[in-house]
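Convention: sequence-line order gives letters A, B, ...; per-chain numbering from 1.
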Amino acid sequence: MLLMPMKLSHPLQKSQMQLPSVKTWEYILSNCRKKRSLAYALRLNTYSGMCGVLANNYIGSLLVSLLVEVGCTETAQHVFDRLADANDCAWNALIIGYARALETERTFILYKKMQALTLQTSTYAYVALLKICSRMKDMDRGHQMHSDVVDRGLGQDPFVGSTLIGMYAECGFLEKAKNVFDKLPTKDAVAWSTLIAANVKNGNEEEALNLLAKMQMQGVIPTAAALVCALKACGCLGDSKKGQEIHADIARLGLLAIDTDIGNSIVYMYATLGMLAIAQEVFAALDVRDRFSCTALMTGYTEHGHSEDALALFDCMQLETISQDAVTFICALTACRNLQDSEKTQEIHVEVARRGFIHKDVNVGNVLVDAYTACGWLAKAVEVFESLPVRDVVSWTVLISGFTKCNEGERALQKFERMEQEGIVPNSHTYVCALQACGSIEEEEQGQVFHAEISRKGLLDSDVFIRNAVVGMYANCGLFAKARELFDQFKIHDTVFWNILISGYLKHNCNMQVLDSFREMQNENTKPNSVTYTYVLKGCALLGAVWDGQRVHSDIARVGLTEDFDIGNTLVDMYCIWGLLPEALQVFKLLPERDAVSWTTIIAGYVRNGYMEDALDSFDQMLNEWFSPSAMTFACVLKACSVLALKGRGQGIHTGICIYYPLELDSVVRNALIDMYARCGLLKDAERVFVQLPVKEAASWNALIAGYSQTGKNDQMLCLLDQMIKSEQYPDVISFIGILTACTHMGLVEQGILFFRAMSEDYGILGNLEHLTCVVDLFGRAGQLSNGMLLIQKMPRHPNLVTFHTLLSSSRREGNMDLGLELFVHAIEVDEGNTGTYVTLFNIYVGAGD
DNA sequence: TTAGGGTTAG
C-alpha cells in the first residue's frame with residue numbers, strides 16, 4: 001500500500017508484502033543511478049528509512065553515492081550519519097559532493113577522518129580534492145594532496161595527473177606543473193592540452209606554441225582545447241603569422257564544425273591582433289553567433305579604437321535577441337568609457353542594475369565607475385561606488401584614478417586612505433594612481449611615503465609602470481634632484497621614461513632642462529616620439545629659443561611627423577608665442593586635418609598678438625566648419641570682443657554659450673565674460689556674471705576691478721577691493737595693476753603710493769616693471785615729473801620703452817622740453833626705430849612752438 | 001572523473 005503512489009519499477013511491485021532483499025535494493029539503486037532522477041532518489045531515501053535497510057552498510061553506502069550524484073549532499077550526509085560503518089564508496093561520494101558544492105572545510109575534514117580510518121580515497125575523490133585546491137588557489141593543501149596521491153600510488157593516473165597540472169598552473173607554479181607532466185608515463189591529449197593551457201595562463205605563450213608543435217610531432221592529435229589555447233597564445237604574442245597558420249590547419253581539417261569554441265577563439269585572436277576585417281569575416285561565417293563570439297569581436301573594437309562599432313554590435317545583439325551576460329556589459333561599458341559617452345553609460349547602467357549584474361559581479365560595478373569618471377561625472381561614479389556590495393582593489397583603483405583625472409588629487413588621496421582603513425591592500429596599479437595624484441597636487445611628502453612603501457614591498461623593480469610613476473611623481477613635484485637620481489639608477493631609459501622626466505621640467509617651467517634632456521636623450525640614442533616633440537616644442541616656445549625650435553621643426557619633418565595632430569597644433573602654438581604669425585599660419589594651413597584644438601590655437605595666437613579682428617574671423621570660420629568651441633576658445637574670442645569693445649558681438653557669444661554649451665560656462669569663461677562686459681562698459685552685466693560665480697577666484701575679482709578702473713568707476717573699484725579683502729581672497733599681481741591704474745586716473749597719488757607699498761609690505765608681492773610703470777604714470781599724470789624721473793633712475797629693474805613713453809607723454813602734456821629730450825634719448829637707446837618716440841618728441845616741440 | 005572561449009584599473 002505504501003508503495004503504490006510511488007510508482008516504482010516492477011521488481012519492487014512484485015513483492016509488495018515482503019521487504020526487498022539486498023540484491024533487489026542493489027538493482028533498484030543502480031537503476032536509479034543510471035536515471036539520475038532526483039525525485040526517484042528521494043523516494044528511495046524515504047523508503048529505505050522505513051524498511052530499515054540502512055542497517056546494511058553496503059546498501060546504505062550505495063544510497064549515499066546515489067544521493068550525492070543527484071546533488072543532495074546534505075541528505076546523503078544524514079544517511080551517512082545513520083550508517084554504523086560506511087564503506088569507502090560512501091566516504092568518497094561525500095567528499096565529491098562537498099567539493100562540488102565548494103564546501104572546502106567540510107571536504108577536508110571528511111578527508112582527514114577518512115585517512116585516519118585508513119580508508120582508500122578514490123581517484124575521483126582526489127580529482128575533486130585537487131580541483132577545490134585549484135579553485136581556492138590553495139597551494140599548501142594542493143601540495144599535500146600531491147604527496148598523498150603519490151603515497152596512494154596514483155601519481156601516474158592520467159586523470160589525477162592532468163588535474164595536478166591544472167592545479168599547479170592555477171596556483172602559478174608552472175615548473176611544478178611541468179614536472180608532473182614529465183613524470184606521466186603516458187601523456188594523453190588532455191595532459192598535453194592542460195600543460196598548454198597552463199603555459200598560456202602563466203604568460204608563457206611561446207612555450208605553449210612549442211608544446212603544440214611537439215604534441216603534433218609525437219602524433220597526438222590536438223584537442224579543441226589545445227587549439228583554443230594556442231590561438232589565445234598567438235593573440236597575446238601578437239603573432240599573426242602563426243595564428244593564421246593555425247587557422248589554416250583548423251580550416252583544412254574541418255575542425256570549425258566540431259566545436260563552436262574554436263570559431264569563437266579564431267574571432268577573438270584576430271580581434272586581439274587588431275585584424276578586424278578578418279575577425280569580422282570569420283565572425284560572419286560562423287554557424288552560430290553567440291554572446292562569446294560577439295563579445296570577442298567587441299573586445300577587438302574597443303581595444304583598437306573602434307568603440308562605436310563595439311556599441312553598434314552590442315545594440316545588434318539586443319535586436320537579434322542574442323543573450324548578453326555580465327561580460328558583454330563590461331565590454332559595452334568599456335566602449336562607453338573610451339568614447340566618454342555619458343548617455344549610453346547611463347542607459348547601460350539602468351540595464352545592468354535591472355538585471356542585478358552590479359550586485360552579482362564586482363567587475364561590472366568597477367567598469368561602470370570607470371566609465372562615469374571618464375565622462376567627468378564624478379558624483380555619479382561615487383554614487384555607484386558607494387552602492388557596491390563588495391569592493392575589490394580594482395574598484396578603489398578606478399575611483400582613485402578617476403579623482404586624479406578630474407583634477408581632484410586631494411580627494412584621490414583621501415580615498416586611498418579609506419581603502420587601507422577598510423583592509424584592502426593596494427597593488428601596483430593602485431600605487432601608480434596614488435603617485436599620479438601626489439604629482440598632480442605636488443604632495444611630495446605623501447609621495448615619498450608611497451615610494452618607501454613600494455620599495456619595501458619589492459614592487460619598484462618588478463614593474464615598469466611603477467618605476468615611471470615614482471620618477472614622474474618626483475618630477476611633477478619639482479624634486480628634480482631626486483627624480484634624476486632615480487632616473488639614473490635605472491639603466492634602461494626608454495622614450496616614455498624620458499618623456500616623464502621632460503614633462504616634469506616643462507610643468508615647472510624649467511625649459512632649459514627640457515632642451516638639455518632632449519639632447520641627452522638623443523645622445524643616448526633613444527628615439528623621441530610625438531609626445532617628446534610636443535614637450536620640446538613647448539619648451540622652445542616658452543624659452544623663445546627660435547633657432548632650437550626651428551631645428552626641432554625640421555627634425556619632425558624629416559621623421560615624417562608633421563601630420564600628427566598634437567605636433568601640428570603645438571607648432572602653430574610655438575610660432576604664435578614667438579609672434580611669428582605668418583609661420584604659424586603656414587603650419588596651420590598645411591595641417592592635413594584640423595580639430596577644435598587647432599582652431600583654438602590659431603585664435604589664441606591672434607589674440608596674443610593683438611590681431612583681434614582676425615581672431616573673430618577665424619572663430620566664424622571654425623563655427624562654419626562645424627567644430628565645437630571649447631572653454632578656451634570662448635575665453636579667447638571674448639577677450640577679442642573686450643579689447644575691441646564689441647558689445648553686441650560679446651553679448652551674442654554669451655547667448656550662444658548659454659544655449660549650446662552650458663557645460664562650458666566654467667570659471668575661465670565666466671571670468672572672460674566679466675572682463676568683456678566690464679571693458680565694454682556694461683558693468684551691470686559684468687556684475688551679474690560676477691555675482692553668479694560659485695567660486696570667486698582672484699581672476700574674477702581682477703576682471704571687475706580692471707573694468708571699474710578703466711571706466712573711471714574708481715569709488716566702486718575701491719569698494720570692490722575692500723570686499724575682496726574681506727572675503728579673504730587677497731589681491732594678486734594683476735589686481736594691483738588695476739588698483740594702480742585706477743589711482744592714476746583719479747589722480748590719487750598718495751593713495752596710489754600707499755597701495756604700491758602695501759603690495760610688497762602687506763601682501764608680499766614683488767612688483768614687476770608693469771607696476772613700476774603704473775607708478776611712473778601716477779606721478780606723471782599728477783604733474784610730478786621729477787618724482788617720476790627719480791623712480792625711473794632708481795628702478796630695481798631696467799625700464800623698457802613703455803616706461804619711457806609713459807613719462808614722455810606726461811612731459812609733453814606738461815610742456816617740459818628738457819625732460820622730454822632726456823627721455824627721448826633713453827627711449828632711442830632702447831629702440832631707435834620706434835616711430836612713436838619721434839612723434840611724441842615732435843609734439844613736444846610743436847607744443848612749445850604754440 | 002582530467003583540458004579549452006569573450007571581462008575591469010596604472
Side-chain angles (χ1 to χ4, degrees), chain A residues 92 96 99-100 122-131 134 157-167 169 180 184 188-198 200-201 208 222-232 235 259-269 271-272 290-300 302-303 324-334 337 357 361-371 373-374 392-402 404-405 426-437 463-469 472:
Chain A
N92 284 315
I96 292 166
R100 280 184 192 155
S122 67
T123 51
Y124 289 76
Y126 273 121
V127 164
L129 285 159
L130 284 167
K131 274 179 132 178
S134 177
D157 178 273
F159 291 98
V160 174
S162 289
T163 318
L164 271 169
I165 296 170
M167 185 274 294
V180 175
L184 284 177
D188 65 7
V190 175
W192 280 99
S193 307
T194 315
L195 190 64
I196 290 171
V200 174
K201 204 169 279 169
T223 60
L227 291 167
V228 163
C229 290
L231 289 163
K232 194 174 181 179
D259 198 318
T260 53
D261 291 351
I262 296 181
N264 294 349
S265 296
I266 295 171
V267 172
Y268 180 61
M269 178 193 69
T272 319
D290 58 11
R291 66 174 188 269
F292 295 105
S293 51
C294 288
T295 319
L297 197 54
M298 280 173 71
T299 309
T302 55
E303 280 179 5
Q324 294 177 318
D325 61 7
V327 181
T328 326
F329 284 102
I330 286 170
C331 275
L333 284 166
T334 306
R337 191 263 322 264
F357 287 138
D361 186 340
V362 66
N363 301 323
V364 174
N366 293 349
V367 71
L368 194 53
V369 172
D370 196 29
T373 62
D392 64 4
V393 66
V394 179
S395 327
W396 287 96
T397 307
V398 166
L399 192 70
I400 291 166
S401 149
T404 310
K405 280 181 202 148
N427 63 16
S428 54
H429 287 255
T430 328
Y431 279 120
V432 168
C433 297
L435 286 165
Q436 284 172 346
D463 197 319
V464 66
F465 282 91
I466 280 277
R467 181 199 73 174
N468 293 354

Any luck finding a side-chain donor-acceptor pair between A/Thr123 and A/Asp157 under 3.5 Å? no
Aro-ring/base stack A/Phe292-B/dG6, d under 5.5 Å, angle under 30°: no
How about A/Thr302 and A/Thr334: does a side-chain donor come under 3.5 Å of a side-chain acceptor? no
When you measure from the side-chain N and O atoms of A/Lys232 to the phosphate of B/dG5, is any distance below 4.0 Å, counting only OP1 and OP2? yes
Is A/Phe159 stacked against the base of B/dT1, taking the criterion as centroid distance under 5.5 angstrom and interplanar angle under 30°? yes
Can you find a donor-acceptor pair, distance only, under 3.5 Å between A/Ser293 side chain and B/dG5 base? no
Is it true that a side-chain atom of A/Asp361 and a backbone atom of A/Ala326 form a donor plus acceptor pair closer than 3.5 Å? no
Is a donor-acceptor pair below 3.5 Å formed from side chain A/Asp290 to base B/dG6, judging by atom type as modelled? no
Using a cut-off of less than 4.0 Å, is there contact between a side-chain N or O of A/Lys131 and OP1 or OP2 of B/dT1? no
Has A/Tyr268 got a side-chain N or O lying under 4.0 Å from the OP1 or OP2 atom of B/dT7? yes
I'd like to know if A/Asn427 reaches the base of B/dG10 with its side chain such that a donor and an acceptor end up less than 3.5 angstrom apart. no
Does OP1 or OP2 of B/dA9 have a side-chain N or O of A/Arg337 closer than 4.0 Å? yes
Tightest non-hydrogen contact, residues A/Ile96 and A/Tyr124, listed as CD1-CB, 3.6 Å
A/Thr299 side chain near B/dT7 phosphate (N/O to OP1/OP2, under 4.0 Å): yes
From the list B/dG10, B/dA9, B/dT8, which nucleotide is the closest neighbour of the side chain of A/Gln436? B/dG10
Does the base of B/dG10 carry an N or O that pairs as donor and acceptor with the side chain of A/Asp463 under 3.5 Å? yes
